[in-house]
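Heads up: the structure comes next, in structure tokens.
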Amino acid sequence: MPINYYIVLSVALFSIGVVGVLTRRNAIIIFMCIELMLNAANLLLVAFSKMHNLRLGTDFPTLASDAQVFVFFIMVVAAAEVSVGLAIIVMIYRNIHSVDVNFLNRLKN
Amino acid sequence: MNFINTSSLKVGFDFQVDQLSSLFLLIITGVGFLIHVYSTSYMQEEDSKDFAKYFAFLNLFVFSMLLLVMGGNYIIMFIGWEGVGLCSYLLIGFWFKNNNYNDAAKKAFIMNRIGDLGFLLAVFWLFNKLGTTDYHTVFSAVITDTAHTKLTLIDITGITLLLFVGATGKSAQIPLYTWLPDAMAGPTPVSALIHAATMVTAGIYMIARSNILFTMAPVTQTVVAVVGLATAILAATIALKQNDIKKVLAYSTVSQLGYMFLGLGVGAYTGAVFHVMTHAFFKALLFLGAGSVIHAMSGEQDMRNMGGLRKYMSVTHITFLLGCLAIAGMPPFSGFFSKDEILAEAFKQNPLYWGIGVAGALMTAFYMFRLYAMTFLGKFRGTHEQEHHLHESPVAITIPLMILAALAVLGGLVGVPEVFMHGGHKLEAFLEPVFANSNEFVKAHHAHEALSHSTELSLMAVSVVAALAALLFAWNKFSKYEKTDAAETGLGKILANKWYVDELYDAVIVKPLNSLAAFLNNVVERKGIDGVVNGVGKAVNYGSRQIRLLQSGQVGTYVLLMVVGILVLFIIQFFL
Amino acid sequence: MGTTQILFWFLSVLAIGSAVMVVASRSPVHSILFLIVTFFAISGHYILLNAQFLAIVNIIVYAGAIMVLFLFVVMLMNLNADTEPPHKSKYLMFAGVIAGSSLLLLIVAALRRNEAVNQLTQLKGGDVGLINNLGKTLFTDYVLPFEISSVLFLSAMIGAVVISKKDKEVHH
């Protein structure tokens with residue numbers, strides 16, 4: 001498959017994530033949309049890795065695996081982020097009994 | 001030694017004394033000395049502090065005038081030129097607690113500044129063309145440059161016209177003459193100094209000094225002659241109806257200066273300088289005499305309240321009469337010789353000049369003897385208190401008067417015309433080297449036939465008879481003058497109001513300038529500049545109040561803005 | 001159109017469709033389930049690209065661990081559709097949709113100007129994504145980041161515990 005199919009697919013997923021972040025107000029859904037965007041990026045990284053592997057794999061064998069290791073690390077960071085983020089959401093819910101981000105306008109002051 | 005020294009511009013601090021400047025030096029220092037002596041008595045009532053200030057200004061005035069006359073180039077002349085302008089301001093506004101006097105001083109200064117600009121532009125023009133303003137270099141360049149390679153005819157005409165603008169400011173010619181009558185605000189000796197020895201003669205001196213330039217610019221010469229003649233006749237008509245003793249003398253000065261410019265305009269440089277000299281004598285005499293009268297009248301200047309002073313102040317009376325005769329052009333007093341020399345030269349150029357000149361001379365005789373008769377003849381019209389106070393002035397005042405009277409009577413004898421005595425015009429012979437180039441140029445290019453002796457004599461006879469008739473008429477009429485309350489009507493009112501020239505200037509120049517200034521102040525300054533300054537503040541204030549709403553604390557809005565920012569960056573990156 | 005292409009289109013439509021449903025569905029539980037579907041579709045893409053290791057990790061970590069964590073939280077808080085009241089103003093919602101679709105359009109438009117986008121990707125072939133190769137890279141070149149990521153996990157764990165601990169001092 002040509003790479004532009006993957007690019008369009010990834011950008012579509014990413015844009016859906018953006019729309020979700022922009023339109024939803026439930027903190028958990030926003031969080032999920034962020035995960036969606038991360039995955040879109042991951043998919044694109046893998047696609048590029050395979051594209052470069054096809055062209056330059058014989059000359060630069062580590063080129064393609066670098067990208068996939070990178071995806072691996074993104075997943076690691078995402079997992080850590082989710083654990084902390086969900087803890088924060090739980091705490092917020094415990095304090096204000098809501099997960100509506102519009103309710104959290106402390107940034108105004 | 002250089003006054004200004006740069007790579008391409010060098011102005012030397014040069015002095016030059018030749019026949020012309022030595023003559024002026026003698027007039028300035030001689031008349032100036034007499035005025036100083038006179039002032040010691042006249043200003044005695046001032047505080048010692050003001051007295052010292054007065055003499056400091058007076059001496060600065062004389063210094064500036066000497067600098068003007070002795071300078072070896074136009075820049076040094078300009079320093080003196082500005083100096084006399086400053087000193088006239090200081091002295092006219094000497095009694096600065098009176099606002100009218102301050103206004104008069106400002107008027108003199110501003111009028112002079114207008115003229116000075118012309119002078120300065122002429123100097124710049126010379127610099128641009130010749131790279132120097134040294135008299136010797138400039139004049140020899142002009143004389144030798146017959147093909148007009150360096151200075152074209154247009155250059156010369158432009159330069160001389162600008163120089164003449166400068167001269168109209170300093171020497172009170174149309175259109176810048178109105179400051180001189182107002183300059184009466186100063187102490188009377190100052191008026192004498194301004195009118196006789198310094199200041200107003202500066203313009204004459206400058207043109208006489210640059211005579212070769214003016215001779216080579218016939219257009220300018222015509223302008224000078226016409227302006228001089230117009231000033232002479234206009235000022236004379238105004239003087240006819242003035243009642244302030246000093247105002248009459250002031251307008252007579254303007255009128256006499258007009259004659260001098262007529263002389264310069266028709267190429268009679270010697271005549272003009274001659275008239276400067278004789279005028280210095282009799283006008284100083286007249287002003288100092290008027291000062292003596294005012295002193296005796298305890299500051300009264302209105303002639304309608306005088307009269308019959310002959311009995312009380314004999315020395316002032318006799319000397320004043322001699323001065324009047326001299327200015328009226330009665331032979332053999334000095335005014336006769338100088339004025340008739342100018343008129344004879346004017347006749348050669350154009351008989352119409354002569355006709356108008358004689359009309360002016362007639363009026364001069366009339367108003368001077370109106371002044372004389374109203375002041376010294378008839379019976380006293382002032383208050384009883386003033387009459388009681390009347391006295392002859394002290395010696396410090398009368399001695400200068402006597403010396404000046406002697407000069408006014410005999411001063412003309414240095415320039416006896418050829419008609420009466422062969423080789424009698426000593427002054428012409430003396431000034432010959434200064435005007436030699438101009439005379440040669442005139443001879444070579446457009447020589448006028450010399451007047452025959454009979455014509456010259458008949459011209460003189462006409463002018464003398466006319467002046468004498470006016471003199472006798474005025475004497476007769478005003479020695480029986482009675483104070484009336486009847487207001488002036490018709491032409492008399494116009495003349496008494498000085499042809500409404502001040503009002504005209506006020507309406508044409510001052511009012512529009514004031515309204516322009518008011519416009520600039522109220523609209524451009526308040527609304528425009530302040531508007532921009534305050535507007536920036538208000539816009540920032542308003543904008544920040546509006547932009548502050550963006551910081552709603554709503555995460556959604558922030559993210560939206562972030563996405564919009566990313567979009568903009570993408571557009572810039574990909575499409576621009 | 002071979003099997004690969006069919007699979008590609010199927011997975012793509014599945015991923016995008018379920019992603020739209022994540023955003024669109026009102027219930028958080030449905031959103032989570034649709035997100036899991038999306039992740040499975042993406043894992044399918046990984047398999048198509050022969051990135052087997054990442055496909056497995058994606059399923060285990062994302063669809064398995066993370067999404068289950070999400071479900072736990074949602075269920076713990078007993079969130080349902082009613083917890084999110086409708087938008088007070090439609091303006092922000094429209095703005096969000098327009099901004100997102102503009103982003104998509106912009107990048108697609110930018111792609112058309114680029115000639116390198118027609119390069120092919122390697123499907124079904126290439127052993128770069130196998131555990132064998134990735135493991136070698138990970139434990140040779142990337143061993144230090146790998147070890148540091150364990151520290152990251154430790155700190156995240158401690159952080160989560162600290163944050164979700166009840167702050168007794170404040171309440172009493």
Side-chain angles (χ1 to χ4, degrees), chain A residues 1-9 11-13 15-20 22-26 28-29 32-33 35-36 39 42-43 46-47 49-51 53-55 57 62 64-66 68-69 71-73 75-84 86-91 93 98-100, chain C residues 8 12 15-16 19-20 22-23 28 31-32 35 38-39 42 45-46 49 51 54 57 61 65-66 69-70 73-74 76-77 79 83-84 93 96-97 99-101 103-104 107-108 111 117-123 126 128-129 133-134 137-138 141-142 145 149 152-153 156-157 159-160 163-164:
Chain A
M1 298 299 284
I3 189 69
N4 56 351
Y5 286 81
Y6 281 102
I7 295 175
V8 172
L9 174 63
V11 170
L13 287 174
S15 298
I16 290 164
V18 167
V19 171
L22 288 178
T23 53
R24 300 304 295 262
R25 289 180 302 154
N26 191 326
I28 292 176
I29 308 242
M32 278 155 46
C33 289
E35 297 303 318
L36 186 60
N39 267 276
N42 282 350
L43 175 60
V46 174
S49 136
K50 295 299 287 184
M51 183 187 91
N53 193 43
L54 185 64
R55 276 178 65 231
T62 59
S65 54
D66 281 353
Q68 299 204 4
V69 169
V71 171
F72 175 73
F73 280 116
M75 286 177 183
V76 167
V77 171
E81 173 219 336
V82 163
S83 63
V84 177
L86 282 175
I88 290 173
I89 287 172
V90 168
M91 192 197 67
Y93 184 78
S98 168
V99 288
D100 188 346
Chain C
F8 174 84
S12 297
I16 290 176
V20 167
V22 171
V23 177
S31 288
I32 291 166
L35 193 59
T38 312
F39 287 157
I42 289 171
H45 274 297
Y46 288 161
L49 288 162
L54 286 179
V57 169
V61 173
I66 294 180
L69 206 55
F70 269 100
V73 170
V74 169
L76 267 176
M77 295 181 204
L79 289 176
T83 53
E84 192 178 357
M93 215 163 109
V97 174
S101 35
L103 189 66
L104 176 61
I107 293 172
V108 171
L111 280 179
V117 296
N118 287 322
Q119 285 186 37
L120 291 176
T121 48
Q122 191 180 28
L123 295 178
V128 68
N133 292 315
L134 278 184
T137 314
L138 199 58
D141 296 344
Y142 292 91
S149 66
L152 175 73
F153 269 122
M157 202 162 68
I163 287 169
S164 39

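Letters A, B, ... mirror the listed sequences (proteins, then strands); counts begin at 1. As the structure is a computational prediction, the values presented were derived from the model and not from experiment.
Within the 4.5 Å cutoff, the side chain of A/Ile28 has heavy atoms near those of the C/Met77 side chain. For the pair A/Asn42/C/Ile42, no side-chain contact is recorded, criterion being any heavy-atom separation below 4.5 Å from C-beta on. Counting heavy atoms from C-beta on, the side chains of A/Gln68 and C/Asn133 never come closer than 4.5 Å. You'll find the side chain of A/Phe72 reaches within 4.5 Å of the side chain of C/Leu138, heavy atoms only.
For C/Thr38, the part lying under 4.5 angstrom from a heavy atom of chain A is the side chain only. Contacts between A/Phe73 and chain C at a heavy-atom distance below 4.5 Å involve the side chain alone, from C-beta outward. Heavy-atom distances place both the backbone and the side chain of C/Ile16 under 4.5 Å from chain A. Heavy-atom distances place both the backbone and the side chain of A/Met32 under 4.5 Å from chain C. In this structure, the portions of A/Ile16 lying under 4.5 Å from any heavy atom of chain C include both its backbone and its side chain. Looking at C/Phe8, only its side chain comes within 4.5 Å of chain A, counting heavy atoms on both sides.
Ranked by heavy-atom pairs under 4.5 Å with chain C, the list A/Val19, A/Val77, A/Val8, A/Ile89 is led by A/Val19. Of the listed residues (A/Val82, A/Val90, A/Val76, A/Val71), the greatest number of heavy-atom pairs within a distance under 4.5 Å of chain C belongs to A/Val76. Interface check for chain A: of the options C/Ile66, C/Leu54, C/Leu152, C/Val61, the most heavy-atom pairs under 4.5 Å are formed by C/Leu54. Most heavy-atom pairs under 4.5 Å with chain C, from the set A/Leu9, A/Val84, A/Asn39, A/Ile3: that is A/Asn39. Of the residues considered (A/Ala79, A/Ser15, A/Cys33), A/Ser15 shows the highest number of contacts with chain C, using heavy-atom pairs under 4.5 Å. Between chain A and the options C/Val108, C/Leu111, C/Asp141, the largest number of non-hydrogen pairs under 4.5 Å is found for C/Leu111. Your options are C/Ala99, C/Gly100, C/Ala65, C/Ser101, and the one with the most heavy-atom pairs under 4.5 Å with chain A is C/Gly100.
With sequence neighbours excluded, no residue forms a ring-ring contact (aromatic ring centres under 6.0 Å, His included) with C/Tyr142.
When all heavy atoms of A/Val46 and C/Ala51 are compared, the pair lying nearest together is CG1-CB, 3.8 Å. The heavy-atom pair separating C/Ala160 from A/Ser83 by the smallest distance is CB-O, 3.9 Å. Counting all heavy atoms, side chain and backbone alike, A/Leu13 lies closest to C/Ala15 at CD2-O, 3.8 Å. Closest heavy-atom contact between A/Leu36 and C/Ala19: CD2-CB, 3.8 Å.
A distance of 12.0 Å separates CG in A/Leu43 from CZ in C/Phe39, rounded to the nearest 0.5 Å. A distance of 3.5 Å separates CG of C/Leu49 from OH of A/Tyr6, quoted to the nearest 0.5 Å.
No more than 12 heavy atoms of other residues, nucleotides or ligands lie within 6.0 Å of OH in A/Tyr5, so this atom counts as exposed by the packing criterion.
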